[in-house]
Amino acid sequence: MSWAGFKKSMNRAGTTILQKTGQIERTIDREFADEEAKFKTFEKECQALQKDSKGYLDAMRAMTAAQTRLADTIDVFYGAADKSSEGAMAAHAYKRSVDDLDTGLSRELDAPYRTTVMEPLGKMNAYFPIVNEHVAKRGKKLLDYDAARSRMNKLIQKPSEDPTKLPKAQQEHDDAKEAFDMLNEQLISELPQLLDLRVPFFDPSFEAMIRMQCKFAEEGYEKLSAVQRYFADNVRDDYAAGQLD
């Protein structure tokens, strides 16, 4: 940080202290505060959504991996007893089915899920640090404006013997106000636009997530249903009659 930057930071810190003690008036902008609060809520929700979406994919991977290990053990258990038994054939069929499901997870869910859900979430969350940087910059410009206004008002209330001080303070006030107003108006205009984009931006991701989950569930039901043909006749009859469902 340069000396000028360090000096500005110290001046702003001093302004903040003086505002807390009531010696400098603090500008309250309700319109911006409302928009910032909405943005912060949206930011928090998107970050939670990204975390939970990754947690879902990790859970699906863990589930199919655990199912595969379970199938391996069951296949060995039944096969060691009697490879020609219905139980052994059912265990082997189960192993084939869960192996297919584990492979299908990468093909039908893993890669498409990352492309249609995780990547859009990542892109949206990448905007937040940029927005927060502008919000922080606005806060600094506001401190400069409040300090300049305070100096000008003091000179108006108690004129200096130096006639150049008031015009200089007036110019500093006008410059600080212009810099603050420009950034403030930009944020008040653009923050609602960002929030309005959330539904059209995430709508394709939501639809893709539902379609992928539906497809994976349908394939799982289809593959695992095929295993029941190796069960005993009475079990298959109960299954066909909906008793086991």
Within the 4.5 Å heavy-atom criterion, are F201 and L194 side-chain neighbours or not?
no
Taking it one step at a time, do T164 and D162 satisfy side chain to side chain donor-acceptor pair (under 3.5 Å)?
CA-CA 6 Å; T164 64; D162 184 349; 2.7 Å; yes
With hydrophobic residues grouped by side-chain heavy-atom distances under 4.5 Å, do I210 and Y113 end up in a single group?
yes
How far apart are the closest heavy atoms of N125 and C46, and which atoms are they?
ND2-O, 3.4 Å
Rounded at 0.5 Å granularity, tell me how far CG in L142 sits from NZ in K137.
14.5 Å
Using 0.5 Å steps for rounding, measure from the CG atom of L191 to the CZ atom of F42.
11.0 Å
Roughly how far, to the nearest 0.5 Å, is CG of L57 from CE of M209?
12.0 Å
Verify salt bridge (charged side-chain N to carboxylate O under 4.0 Å, His left out) between R211 and E207, making sure each step is shown before the conclusion.
CA-CA 6 Å; R211 287 179 178 272; E207 181 180 348; 3.2 Å; yes
With distance as the sole test, does T116 use its side chain to make a donor-acceptor pair with the main-chain N or O of S205 at under 3.5 Å?
no
Is V76 reachable from M89 through a run of hydrophobic residues whose side-chain heavy atoms are each under 4.5 Å from the next?
no
Any side-chain to backbone donor/acceptor pair from E35 onto E31? Under 3.5 Å, distance only.
no
Spacing of CG belonging to L109 relative to CZ belonging to R61, to within rounding of 0.5 Å
9.0 Å
Hey, could you give me the CG/NZ distance between L121 and K51, rounded to the nearest 0.5 Å?
14.5 Å
Going through the checks in order, is the salt bridge (charged side-chain N to carboxylate O under 4.0 Å, His left out) test met by R149 and D146?
CA-CA 5 Å; R149 186 181 63 240; D146 285 346; 3.1 Å; yes
Could you verify whether a donor N or O on one side chain and an acceptor N or O on the other, from N153 and Q157, lie under 3.5 Å apart?
no
Ignoring hydrogens and geometry, is there a side-chain-to-backbone donor-acceptor pair from S189 to E185 under 3.5 Å?
no
Between K54 and D58, does a salt bridge (charged side-chain N to carboxylate O under 4.0 Å, His left out) hold up when you go through it step by step?
CA-CA 6 Å; K54 183 181 183 301; D58 291 342; 2.8 Å; yes
Looking only at the side chains, is there a donor atom on one of N132 and K40 sitting less than 3.5 Å from an acceptor on the other?
yes
Can you run down the ring-ring contact (aromatic ring centres under 6.0 Å, His included) pairs that involve residues 133-177, sequence neighbours left out, and say none if there aren't any?
Y145-H173, Y145-F180
Rounded to the nearest 0.5 Å, how far apart are CD1 of I188 and CD of Q193?
12.5 Å
Test your reading of the model: is there a side-chain donor-acceptor pair from D75 to the backbone of A71, 3.5 Å cut-off?
no
Would you say R198's side chain and L195's backbone share a donor-acceptor pair under 3.5 angstrom?
yes
Can you tell me how the ring of F39 sits relative to the ring of F128, calling it parallel under 30°, perpendicular over 60° and tilted otherwise?
perpendicular
Sequence neighbours excluded, the answer for ring pair (Phe, Tyr, Trp, His ring centres under 6.0 Å) partners of F202 is none
Measure from the side-chain N and O atoms of S97 to the backbone N and O of L224, and report whether any donor-acceptor pair falls under 3.5 Å.
no
Looking at every heavy atom in both A169 and L155, which two are closest together, and how far apart are they?
CB-CD1, 3.5 Å
Can you confirm whether M182 sits close enough to E178 that some side-chain heavy atom of one is under 4.5 Å from a side-chain heavy atom of the other?
no
Min side-chain heavy-atom separation D102-Q67 under 4.5 Å
no
Could you go step by step and tell me if D110 and R114 meet the salt bridge (charged side-chain N to carboxylate O under 4.0 Å, His left out) rule?
CA-CA 6 Å; D110 193 301; R114 281 186 280 108; 2.9 Å; yes
Any non-hydrogen side-chain atom of Q213 less than 4.5 Å from a side-chain atom of Y56?
yes
Minimum heavy-atom separation for M152 to L166, with atom names?
O-CD1, 4.1 Å
Can a donor-acceptor pair be found, under 3.5 Å and without considering hydrogens, that links the side chain of T68 to the backbone of T64?
yes
